[in-house]
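All figures in this text were calculated on a predicted structure; none of them were measured in a lab.
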Amino acid sequence: MLRMLNPIERARDPETVWRYGLEPYVVAADVYGLPGHIGQGGWSWFTGSAAWMYRAWVEEVLGLKVRGDHMQLNPVIPGWWEGFRLRYRHGEAIYEIQVENPEGCERGVSWVEMDGQRMRNGMIPLDRSLVKHRILVHMGKP
C-alpha cells in the first residue's frame with residue numbers, strides 16, 4: 001500500500017510523469033480516477049499526507065517507536081531485505097541503528113544491543129546528551 005502511495009512511483013517513466021503532473025517528492029492529497037484525469041495528482045503541498053506517510057514508513061515498516069524515555073525497534077519488512085540502517089537523533093544524542101535480517105524474516109526481533117550490551121526486552125533507553133550510541137537489532141524468533 002505504501003509503495004502504491006509513494007509519489008516516486010509516479011516518476012518511473014516519462015509517460016507516467018506527465019500524467020501525474022506533480023513533483024515526485026511531494027505526496028498528493030488526490031490522485032484522480034475520473035476519465036481524462038486518471039493518474040493525475042492534485043493538491044500537492046496542501047496536505048498533511050506526507051507526515052502520515054513518513055510515520056507509517058518509520059514507525060510501522062522500519063519499526064522505530066519512541067515512547068517517553070525509551071525507544072524500541074520492531075520492523076515489519078519484506079523477507080528479501082537483508083536489513084537496513086538508520087540514524088535517529090534525540091536531543092544531542094545520535095543513535096546509529098543497524099538492523100540485520102540474516103534469516104530473511106518479515107517480522108520478529110531476537111535481540112537488541114546498545115553499545116555492545118544486550119538490552120532487556122529490546123527497550124533502548126534514550127539519552128539527550130552529546131553522545132553517539134550504536135544500536136544493533138538482530139531479526140529472528142524472539
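A chain of hydrophobic side-chain contacts below 4.5 Å, direct or via other Ile, Leu, Val, Met, Phe, Trp or Tyr residues, connects Trp80 to Ile77. Residues Val58 and Ile94 do not share a hydrophobic cluster, clusters being chains of Ile/Leu/Val/Met/Phe/Trp/Tyr side chains in contact below 4.5 Å. In this structure, Trp57 is a member of the same hydrophobic cluster as Tyr54, with clusters built from ILVMFWY side-chain heavy atoms closer than 4.5 Å. Tracing side-chain contacts under 4.5 Å through hydrophobic residues (I, L, V, M, F, W, Y), one never reaches Trp43 starting from Val31; they form parts of separate clusters. Under the 4.5 Å side-chain heavy-atom criterion for Ile, Leu, Val, Met, Phe, Trp and Tyr, Met119 and Leu86 are members of the same hydrophobic cluster.
Here the CD1-CG distance, from Ile97 to Leu62, works out to 9.5 Å after rounding to the nearest 0.5 Å. Considering CG of Leu73 and OH of Tyr95, their distance stands at 11.5 Å, rounded to 0.5 Å.
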Would you tabulate the side-chain donor-acceptor contacts of residues 124-142 under 3.5 Å, counting partners in other chains and residues two or more places apart, or write 'none'?
from: Asp127; atom 1: OD1; to: Ser129; atom 2: N; distance (Å): 3.0
from: Asp127; atom 1: OD1; to: Ser129; atom 2: OG; distance (Å): 2.9
from: Asp127; atom 1: OD2; to: Ser129; atom 2: OG; distance (Å): 3.1
from: His133; atom 1: ND1; to: Asp115; atom 2: OD2; distance (Å): 2.6

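For Gln72, there are no side chain to side chain donor-acceptor pair (under 3.5 Å) partners two or more places apart in sequence or in a different chain. Arg85 pairs by the salt bridge (Lys or Arg N to Asp or Glu O under 4.0 Å) definition with nothing, not counting sequence neighbours. Not counting sequence neighbours, Tyr20 has no partner by the ring-ring contact (aromatic ring centres under 6.0 Å, His included) test. Contacts of Trp81 classified as ring-ring contact (aromatic ring centres under 6.0 Å, His included), with partners at least two apart in sequence or in another chain: none. For Arg67, the side chain to side chain donor-acceptor pair (under 3.5 Å) test picks out no residue, with sequence neighbours left out. By the side chain to side chain donor-acceptor pair (under 3.5 Å) test, Asn121 is found to be paired with no residue, residues two or more places apart in sequence or in another chain being considered. Residues meeting the side chain to side chain donor-acceptor pair (under 3.5 Å) test with His70, sequence neighbours left out: none. Arg89 pairs by the salt bridge (Lys or Arg N to Asp or Glu O under 4.0 Å) definition with nothing, not counting sequence neighbours.
The list of side-chain hydrogen bond (donor to acceptor under 3.5 Å, both in side chains) pairs with a residue in residues 103-112, not counting sequence neighbours, is empty. Residue pairs meeting the salt bridge (Lys or Arg N to Asp or Glu O under 4.0 Å) criterion with at least one member in residues 53-66, sequence neighbours excluded: Arg55-Glu59, Glu60-Lys65. Residue pairs that meet the salt bridge (Lys or Arg N to Asp or Glu O under 4.0 Å) test with at least one member in residues 13-36, sequence neighbours left out, are Glu15-Arg19.
Listed here is the closest heavy atom pair of Pro75 and Val109: CD-CG2, 3.8 Å. Smallest separation of non-hydrogen atoms from Ser44 and Val26: CB-CG1, 3.6 Å.
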